[in-house]
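To start, the structure itself, in structure tokens.
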Amino acid sequence: MLFTEVFLNLVARQDFAFRWLRDRSLVHGRAAHLMDFNRRELRTNNYRFCSGHQARYTLAQEAHMPDPAHRAGLEGVIVADTRLSEVDGERGRLVIAGSDVEKLAGNVSFEELAHRLWSLYLPESSPDRLQKNLGEARVRAFALIPGLGNALDARDGMDALRAAVAHLQAPDSVWESTVLVTAATAVFTAAWAAKLHGRQPTPPDSSLGHAADLLRMATGDASPVKAKGLEAYLVVVSDHGMNASTFAARVIASTGSDLVSAVVGAIGALKGPLHGGAPGPVLEMLDNIGQPDRAIQWLEAEINAGRRIMGMGHRIYRVRDPRAAVLEQAVMRLERSGIETPRLKLARAVEEAAEGLLRKRHPDRPLNANVEFYAAVLLDALGFPRALFSSLFACGRVVGWCAHVAEQRATGRLIRPESRYIGPRPAPA
Ligand code: COA
């Protein structure tokens, strides 16, 4: 026992020692990679904070559990088979419903994309009728606004959206629920935006496409170029493997609960800054930096203070998130159409500086721009206030949530993992 205790204490210190060496650039290349891999494996298996009594305790627990392996944050764990999307983190490739994201953005309408995802599990979906279905559902959702109580008074847009969607009564038909919850997410997001600016919510125009109507209701702007920009954004964020909010939705659906409950849970998961809450802070960061030549100094101070750079890094991608490139191109398309994109130049300089600094700090762990980085620049150029960014993410991702809920239902299997108890046990009698 003494030997293992000493060993575990050494391991815990190795983590500290590794960081110390790495931060001073004293360990590089393959050696750094190997050391970091070992450190992560051990950390993942919960040894990181083991010492003294605790270490003994963990070992005692393991004696009762022959297979203790688990992964912190479920990193690398496959929890479902899906036909909806595939994230290849090594190559930086995202496939949604059989197509590369680069082919979808700017070429496929929101309705077409929704149909491609939904029709895999919901045979009622029809490409010809979906625009009409969604338009009519937006009108129905708008009529519900007076019955939402004070939901839309919330100061945070995601709190408002979560509370408003929670008011929906899920229709018996899964298909009707899917269309209603998708339409309502856009209508309630736009209604909260109207309140933010002290105006009455704008009623939907059911003859418009979903993206164009969302833009019009939320900003009062009906520019077709901007509508295309928003549509590209909604398509790009529609689905992304087993991300945290999708997993939350699938867990809820797996219990046999309804779609509205699953979407409400997913909105709660999306709100966090490590998931869909990042684009607002990205814009704040750009504002704080102000000038390209101040980027390095500002970012260095943040990293030294132990804070994360918003819009950088990803659990899966080990190269630049392909969605960042697609959204950057969408911003460039706006620019070419004469729409001002005030933060594009600064964003590029900040991305380059952040990449360089993070590469130095974490030579073993590539940390590049993620989807949120250019989502912030695009949504800002489209005229949306930053307080609305996360809710707009929900307006796109709701399509994926609904598809995953349908897929999960088709498996009929409850998601119920296990935990490993590391607390005290009653003393033997
Ligand atoms: N800025 C600075 N350091 C970062 C970082 C960032 N954006 N992202 C990760 N790191 C560092 C971590 O501090 C950690 O360092 P350590 O080994 O010294 O402890 C190391 O990189 C590995 O990070 P880890 O916590 O294992 O990554 P993860 O897979 O859990 O995190 C994110 C992924 C997205 C949560 C993370 O990159 C992050 O917080 N990014 C900023 C928020 C953001 O943009 N979210 C939107 C995601 S689409």
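Quick caveat, the model's predicted, so the values are computed rather than measured. The basis for the numbers below is simple: all heavy atoms, side chains too, and nothing from hydrogens, waters or symmetry mates. Order of listing sets the numbers, starting from 1, for every ligand and every atom in it.
For ligand 1, the atoms sitting less than 4.0 Å from at least one non-hydrogen atom of A278 are 43 (C), 44 (O), 45 (N), 46 (C), numbered in the order shown with element in parentheses. If you number the atoms of ligand 1 from 1 as listed, the ones under 4.0 Å from a heavy atom of H314 come out as 33 (C), 34 (C), 37 (O), 48 (S). Atoms of ligand 1 found under 4.0 Å from any heavy atom of M310, numbered from 1 in the order shown, are 42 (C), 44 (O).
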>> Run the side chain to side chain donor-acceptor pair (under 3.5 Å) test on H210 and R138 for me, step by step, so that the C-alpha distance in whole Å, both residues' side-chain angles and the decisive distance to 0.1 Å come before the verdict.
In response: CA-CA 9 Å; H210 192 71; R138 287 196 301 277; 3.0 Å; yes
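Heavy atoms of P273 approach ligand 1 to within less than 4.0 angstrom. Residue contact check for ligand 1: I303 places no non-hydrogen atom closer than 4.0 Å to it. At least one heavy atom of G311 sits less than 4.0 Å from an atom of ligand 1.
The nearest non-hydrogen atom to atom 28 (P) of ligand 1, considering only H240, E372, R315, comes from R315. The closest heavy-atom contact to atom 6 (C) of ligand 1, among the options N243, D321, I309, comes from I309. With distances taken over non-hydrogen atoms, the option nearest atom 24 (P) of ligand 1 out of R308, H275, E75 is R308.
Closest approach of V319 and R91 over heavy atoms only: CG2-C, 3.9 Å. Closest approach of S261 and I252 over heavy atoms only: O-CD1, 3.7 Å.
By the criterion of a heavy-atom distance under 4.0 Å, the side chain of N370, and not its backbone, is placed next to ligand 1. If you look at L367 next to ligand 1, the close heavy atoms, those under 4.0 Å, all belong to the side chain.
The salt bridge (charged side-chain N to carboxylate O under 4.0 Å, His left out) search around D287 returns R343, R386, not counting sequence neighbours.
Around the CD atom of E352, the shell of radius 6.0 Å holds no more than 12 heavy atoms that belong to other residues, nucleotides or ligands.
When each of V236, L94, L113 is paired with L104, the side chain to side chain contact (heavy atoms under 4.5 Å, CB included) condition holds for L113 and for no other. Looking at R413, E407, Q408 one by one, the single match for side chain to side chain donor-acceptor pair (under 3.5 Å) with T411 turns out to be Q408.
The shortest N or O to N or O distance between R323 and ligand 1 is not below 3.5 Å.
Note on residues 307-316: pairs passing side chain to side chain donor-acceptor pair (under 3.5 Å), not counting sequence neighbours, are E302-R307.
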